[in-house]
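We number each residue from 1, following the sequence as shown. The structure presented is a predicted model; accordingly, all values stated were derived computationally and were not measured.
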Amino acid sequence: MKKRYTLEQKKWDSPAEHAMPEHTRVPASFTIGKVRIAPATVLAPMAGVTDTVFRRFIKNASQFAAPATGAGAPYLDSEMRDRTTPNVDAITTNQQSGCGLIMTEFTSADGLSRMREVKRKRYLTYYDDEHPISAQLFGSNPDTLADSARIVQDAGFDLVDLNLGCPAKRVVACNGGSGLLRDLPQIERIFRAVRAAVTIPFTVKFRMGWNDKYIVCVDLARMAEDCGLNAVALHARTREDGYTGQARWEYIAAVKDAVEIPVIGNGDVRTPEDAAAMVDRTHCDAVMIGRAAPANPWIFRQIAQYTASKEATGVGIYDIPTDQDRYRMIRTYFQMLVDEIALEEAAEAQRAAAIVAAGQIARDQRHRDAVGKMKQFAAWFTHGVPGGAGLRKAIFEAKNGNAVLSAVEAFFETRANAPQESFSLEHDAELESAPAAWG
């Protein structure tokens, strides 16, 4: 019986468990064009997830504020229990964050080229502390994509990326995302048009092919290099795979063997061990992490911790978050979201006042729902927290942002003196219901 593929699946199918390779770790840095990225880790673009709040949150969650203790670390060596992990800043000054490169949600090139300047700013919002940052575009028209890439460059982004990986039907129906994998000549026209339009580094994220009968990743990577692209990222699944089955890392290795430009590997990286194993098996230049980031925002920090401690002491260790870490993380993200919405509303009120002062009618603009976002992320952030289902229920029943924050406070206050239990990436229907547009 043929396996039924589902694009909506966001859990992992019997994920492989990897041991940390003895001699391999995620590189401390790599370069795309003239942009140096350290460490060699990338936050994957995810629709409905990687907005400016989440990107900055990941950067903050990855910061090393003080030397990390080994008390909660998953040791590769049982004798390491009393050791401490050195501060990353003290070893490699450029490793200020565990996440080297962040990317925007994918944005329609057609929509971006038609937007007014004010609306464009809303779609392309980012802050100074997000650099280096890449803006991802999708579309199928070379001229439109070139125009949108110029807009991205003018907005100050460090890189521009083309999405050839999204499997969502609504995107593929417009010949965008992974839909273009069936038309390599059109992809080449896009590559050449965008490359001629901008001077910032230009990259592409793609899948292996449309299906197992049409694997094009090696040819596509070679074409990208020939057209002057600066790096490629491969999600080692086909469009037909969606998010099911095991990512086939051997295709990342094949792409790495075929080109000289940097290759970023993507697919089934859930832990620091997975990240190092991918580098060990494929020799990729960097690792991109998607689904694991909302469930474990510390994964980038953990990878950087392991890399730094391995370089400094010869033994790599990393910390597992405690209850208090999870509390601070949830509280911080929710507060950042509330603050960002308040800024948006203040800016919108100012805009409306200016329109009214000019004698015109100001239309109401729809703002993101902060409470809705909190409920969405609660399903990810509370995985691994004992009793997390109760906290999720309280958050889902909350009517406003303050009620959500109060529920978080109350939950962790009752757990303050409870015995610590290990953190694990468990998954359920809430996590599986995530958007299907993650490429």
Parallel, tilted or perpendicular, as decided by the 30° and 60° cut-offs, for the rings of F157 and Y126: tilted
Heavy-atom side-chain proximity of F411 to I395 below 4.5 angstrom: no
Worked verdict on E240 versus D212 for side-chain contact (heavy atoms from CB on, under 4.5 Å): CA-CA 8 Å; E240 189 177 74; D212 283 348; 5.9 Å; no
Side-chain touch R270/E17, heavy atoms, less than 4.5 angstrom: yes
Flag, side chain of D274 to backbone of T271, donor-acceptor distance under 3.5 Å: yes
Salt-bridge present (D241, R248; N to O < 4.0 Å): yes
Donor-acceptor pair between N211 and T238 side chains, under 3.5 angstrom: no
Residue pair L162, V194: steps toward the side-chain contact (heavy atoms from CB on, under 4.5 Å) verdict: CA-CA 9 Å; L162 175 66; V194 174; over 6 Å; no
Sub-4.5 Å side-chain heavy-atom contact between L234 and V263: no
Set of residues satisfying side-chain contact (heavy atoms from CB on, under 4.5 Å) with respect to A286, sequence neighbours excluded: F30, A40, I264
For K256, salt bridge (Lys or Arg N to Asp or Glu O under 4.0 Å) partners two or more places apart: D285
Check: T244 main-chain N/O paired with R237 side-chain donor or acceptor under 3.5 Å: yes
Check: I133 main-chain N/O paired with D158 side-chain donor or acceptor under 3.5 Å: yes
Heavy-atom check, side chain of K310 versus side chain of Y318, under 4.5 Å: no
For T50, side-chain contact (heavy atoms from CB on, under 4.5 Å) partners two or more places apart: L43, M46, F54, R55, E105
Interatomic spacing from CG in D161 to OG1 in T107 - rounded to 0.5 Å: 11.0 Å
Pairwise distance CG(N175) to CG(L181) - rounded to 0.5 angstrom: 9.5 Å
Q305 side chain to D319 backbone, donor-acceptor under 3.5 Å: yes
side-chain contact (heavy atoms from CB on, under 4.5 Å) assessment of C166 paired with F138: CA-CA 9 Å; C166 178; F138 78 92; over 6 Å; no
Rounded distance [0.5 Å steps], CG in N266 versus CD1 in I289: 9.0 Å
Sub-4.5 Å side-chain heavy-atom contact between T307 and P39: no
Criterion side-chain contact (heavy atoms from CB on, under 4.5 Å) on N163 and K205, from CA distance to verdict: CA-CA 5 Å; N163 181 308; K205 182 173 186 284; 6.0 Å; no
4.5 Å side-chain heavy-atom contact, E130 and R56: yes
Minimum heavy-atom distance L112-I151, with the two atoms named: O-CD1, 4.0 Å
Heavy-atom side-chain proximity of F206 to C217 below 4.5 angstrom: yes
Donor-acceptor under 3.5 Å (T104 side chain, Q136 main chain): yes
Nearest non-hydrogen partners of A292 and I299, listed with the distance: CB-CD1, 4.1 Å
Shortest non-hydrogen contact between L101 and S134, atoms and distance: CD1-N, 4.1 Å
Distance-only side-chain donor-acceptor flag, D280 / T24, under 3.5 Å: yes
Closest approach of C284 to I252 (non-hydrogen atoms, all atoms of both residues): CB-CG2, 4.1 Å
Donor-acceptor contact present, side-chain S113 to main-chain T144, <3.5 Å: no
For G290 against P294, the heavy-atom pair lying closest together: O-CD, 3.2 Å
OH-CZ distance between Y306 and R25, expressed to the nearest 0.5 angstrom: 7.5 Å
Check: I261 and N230 side chains under 4.5 Å, non-hydrogen atoms: no
From L337 atom CG to L405 atom CG, the distance as rounded to the nearest 0.5 Å: 9.5 Å
N/O donor-acceptor pair under 3.5 Å between D268 side chain and Q246 backbone: no
W210 side chain vs V216 backbone, donor-acceptor pair below 3.5 Å: no
Atom of C99, atom of I58 and distance for their closest heavy-atom approach: CB-CG2, 4.0 Å
Main-chain N/O of H235 paired to R207 side chain as donor or acceptor, under 3.5 Å: no
